[in-house]
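I have placed the structure first, in the form of structure tokens, so that the comments after it can refer back to it.
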Amino acid sequence: MAAEPEVLDELHRLRARVPQLTGALAASVDGLVLAHDTPGVEPEGVAALTAAALGVAMRMADATGQGEFRELLVRGVDGYVATYAAGGSAVLTLLAQDRVNVGRLHLEGRRSGTRIGELVEAATARGEPVAPARAPTRPASMPTRTRTARGTPRTPPTPTPNAPTASES
């Protein structure tokens with residue numbers, strides 16, 4: 001995405017304006033990282049969690065008649081996680097220390113969300129992909145784990161066609 005350096009620049013400027021920010025991440029609404037400035041935090045995991053939280057927040061806003069999603073604030077013992085709409089296809093997630101001025105966080109987060117939304121929409125209008133292409137993070141040799149509900153018996157995997165069985169080898 002050609003807008004990625006511009007989005008990253010906006011994240012750096014935002015962190016300079018709000019010194020209590022410990023991280024900033026722009027992601028697509030489906031959880032793909034667009035740009036990040038998140039030292040010590042895995043951006044792909046935060047982007048995926050942001051997408052999940054966004055889905056719940058959007059449903060809650062809709063179910064309660066509050067209108068279109070704008071922002072989500074989570075307060076933990078050690079700080080805040082704030083997510084802001086950034087146009088129709090992106091979100092901005094900010095990590096902040098507990099001592100951040102929440103009003104300032106909202107003011108600057110909303111401004112940056114608007115700017116990032118404009119950058120992403122301009123890139124989309126030019127025909128550029130919303131998220132940069134990423135290679136899979138899981139090596140091909142590692143099997144994927146599936147979970148079953150508690151009390152559900154596990155069934156052995158189905159053998160693949162043309163694969164030798166134990167009696168044929």
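Values reported hereafter were calculated over all heavy atoms of this structure, with side chains retained and with hydrogens, waters and symmetry mates removed. Residue numbers run from 1 in the order of the sequence given.
- Among L72, V46, L73, the one residue that satisfies the side-chain contact (heavy atoms from CB on, under 4.5 Å) test with T83 is L72.
- The environment of CZ in R17 is crowded: more than 12 heavy-atom neighbours from other residues, nucleotides or ligands sit within 6.0 Å.
- Rounded to the nearest 0.5 Å, atoms CG (L105) and CG (L14) are 8.5 Å apart.
- Using a 4.5 Å heavy-atom cutoff, the side chains of V7 and P5 are not in contact.
- Closest approach of S28 and L34 over heavy atoms only: N-CG, 3.7 Å.
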- Task: Test side-chain contact (heavy atoms from CB on, under 4.5 Å) on E118 and R115 and set out the steps.
- Result: CA-CA 5 Å; E118 292 167 352; R115 175 72 179 133; 3.9 Å; yes
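- Atom CZ of R15 sits about 10.0 Å away from atom CG of L94, to the nearest 0.5 Å.
- Note on L25 and V81: same hydrophobic cluster, where clusters join Ile, Leu, Val, Met, Phe, Trp and Tyr whose side-chain heavy atoms are under 4.5 Å apart, directly or indirectly.
- Following chains of ILVMFWY side-chain contacts shorter than 4.5 Å, one cannot reach V102 starting from L107, and the two form parts of different hydrophobic clusters.
- Here CZ of R111 is found 12.5 Å from CZ of R13. Values are rounded to the nearest 0.5 Å.
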- Task: Could you go through the side-chain contact (heavy atoms from CB on, under 4.5 Å) check for N101 and V18 one step at a time?
- Result: CA-CA 9 Å; N101 177 320; V18 184; over 6 Å; no
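- When every heavy atom of G87 is checked against every heavy atom of E121, the shortest pair comes out as CA-OE2, 3.2 Å.
- When atom types are taken as modelled, the side chain of Q66 and the backbone of T64 share a donor-acceptor pair closer than 3.5 angstrom.
- Shown here for V33 and A47, the closest heavy-atom pair between the two residues is CG2-CB, 3.7 Å.
- Separation of atoms CD1 (I116) and CG (L92) is listed at 4.5 Å; rounding is to 0.5 Å.
- Between A96 and T22, the shortest heavy-atom distance links the atoms N-OG1, 3.9 Å.
- Linking Ile, Leu, Val, Met, Phe, Trp and Tyr residues whenever their side-chain heavy atoms come within less than 4.5 Å leaves M58 and M60 in two separate clusters.
- Rounded to the nearest 0.5 Å, atoms CG (D98) and CD (Q20) are 11.0 Å apart.
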- Using the side-chain contact (heavy atoms from CB on, under 4.5 Å) rule, take Y80 and V74 through it: C-alpha gap first, then chi angles, then the decisive distance, then the call. CA-CA 6 Å; Y80 295 88; V74 176; over 6 Å; no
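- The only option from H106, R110, E108 that meets the side chain to side chain donor-acceptor pair (under 3.5 Å) definition with Y84 turns out to be H106.
- Atom CG of L119 and atom CG of L8 lie 11.5 Å apart (nearest 0.5 Å).
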